[in-house]
Amino acid sequence: MLSGMQPSGRMHLGNLLGALENWIRYQQEYDAYFFVADWHALSTNYADTSRIREYIREMLIDWLSAGIDPSRCTVFIQSRVPDHAVLHLLFSMITPIPWLERNPTYKEKMEELRERDLTSYGFLGYPVLQSADILIYKADVVPVGVDQLPHLELTRELARRFNNLYSTVFPEPQPLLTEVPKLVGTDGRKMSKSYNNAIYLSDSEKDLREKLRTMVTDPARVRRTDPGDPDICPVFSYHKIFSEVGVVDRVNTECRTAAIGCIDCKKLVGDRMVRRLEPIWEAREKWVGHPRKLEAVVAEGSEKAAKVAAQTIEEVREAIKL
Ligand code: SF4
């Protein structure tokens with residue numbers, strides 16, 4: 001099983017619930033490879049690489065602190081395994097350009113990031129690199145959200161095309177469709193770094209409580225005596241994720257009758273969030289300020305990944321008769 005993330009710096013609660021918690025489960029169920037997709041970050045951010053190293057470091061610290069265990073899985077950085085680029089190049093030879101142009105996320109992303117010039121070859125070829133990332137480890141399963149399904153389909157098409165043209169080297173990886181619980185940010189919109197509404201794994205307890213204190217609630221509940229509607233309150237959506245059933249039921253009832261106020265309600269959920277995050281905060285201490293330890297994990301993982309990748313490239317060379 002293989003999965004990667006672009007280095008985007010500190011991880012927030014949405015990333016923890018949406019991806020990392022699944023990864024932590026997968027590392028027990030599969031021979032799992034998790035990688036920092038730093039070359040992919042260049043496909044859209046090639047013009048500004050000033051913080052990429054910092055982002056890689058921060059992201060790795062969050063992975064490891066959240067429970068990614070290098071003794072159970074392989075953690076590496078894409079650019080430390082140059083054979084990804086070799087396979088990407090060889091796949092480029094057999095990839096029809098229309099396969100890439102019809103990729104729905106290609107045009108969507110171009111629209112979304114209009115301020116950047118994304119007419120580059122690297123951006124168009126992004127799914128080819130992604131296919132190389134997956135197939136170089138002969139991954140059988142890849143966790144994906146529904147929006148990523150077309151990319152994985154392209155990976156399978158490329159595997160088929162290669163196997164038909166030369167000889168069977170690659171499996172056709174299957175999607176592991178992941179349930180991603182939606183987490184809203186402190187302003188009620190989707191939690192996102194760019195909206196400045198995120199709660200980070202690296203926030204202190206004080207930061208967390210302060211963010212909760214100013215978090216939006218049911219806007220119609222102006223006075224303490226006004227009854228509220230938990231169904232439209234973002235704080236209640238946190239209760240549903242972090243609180244035990246008894247507390248969720250209590251808030252659900254007492255909010256509607258104004259028996260509980262928002263300050264107490266936020267304290268209840270805050271206590272539970274602190275409990276959930278405390279082990280991560282403690283684990284962070286082991287990594288923050290210990291760059292050598294972090295480097296050792298990455299070096300070992302990258303070396304292990306490179307060995308597997310080199311074996312596949314050997315088979316690929318043999319198949320192409322290079
Ligand atoms: S009591 Fe809780 S659920 Fe109800 S509006 Fe206030 S914060 Fe939201």
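Read the numbers this way: they start at 1 and go in the same order the structure lists the ligands and their atoms. Being a predicted model, the structure only gives us computed values, none of them experimental. Numbering of residues begins at 1 and proceeds along the displayed sequence.
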### Query
With ILVMFWY side chains joined below 4.5 Å, transitively, what does Ile260's cluster contain besides itself?
Phe236, Val247, Val248, Val251, Leu268
### Query
Are there more than 12 heavy atoms of other residues, nucleotides or ligands under 6.0 Å from atom CD of Glu303?
no
Please tabulate, one pair per line, all N/O donor-acceptor pairs under 3.5 Å involving side-chain atoms of residues 273-280, not counting sequence neighbours.
| unit_1 | atom_1 | unit_2 | atom_2 | d |
| --- | --- | --- | --- | --- |
| Arg276 | NH2 | Glu21 | OE1 | 3.2 |
| Arg276 | NH2 | Glu21 | OE2 | 3.2 |

### Query
Where does the angle between the aromatic ring planes of Tyr33 and Phe76 fall among parallel (under 30°), tilted (30 to 60°) and perpendicular (over 60°)?
perpendicular
### Summary
Sorted by chain and number, protein N/O/S atoms nearer to atom 8 (Fe) of ligand 1 than 2.8 Å are Cys233 SG
### Listed once per pair and sorted, the ring-ring contact (aromatic ring centres under 6.0 Å, His included) pairs that draw on residues 87-107, sequence neighbours left out
Phe91-Phe170, Tyr106-Phe123
### Task
Find out if a path of hydrophobic residues (ILVMFWY) with successive side-chain heavy-atom gaps under 4.5 Å connects Leu2 to Leu149.
yes
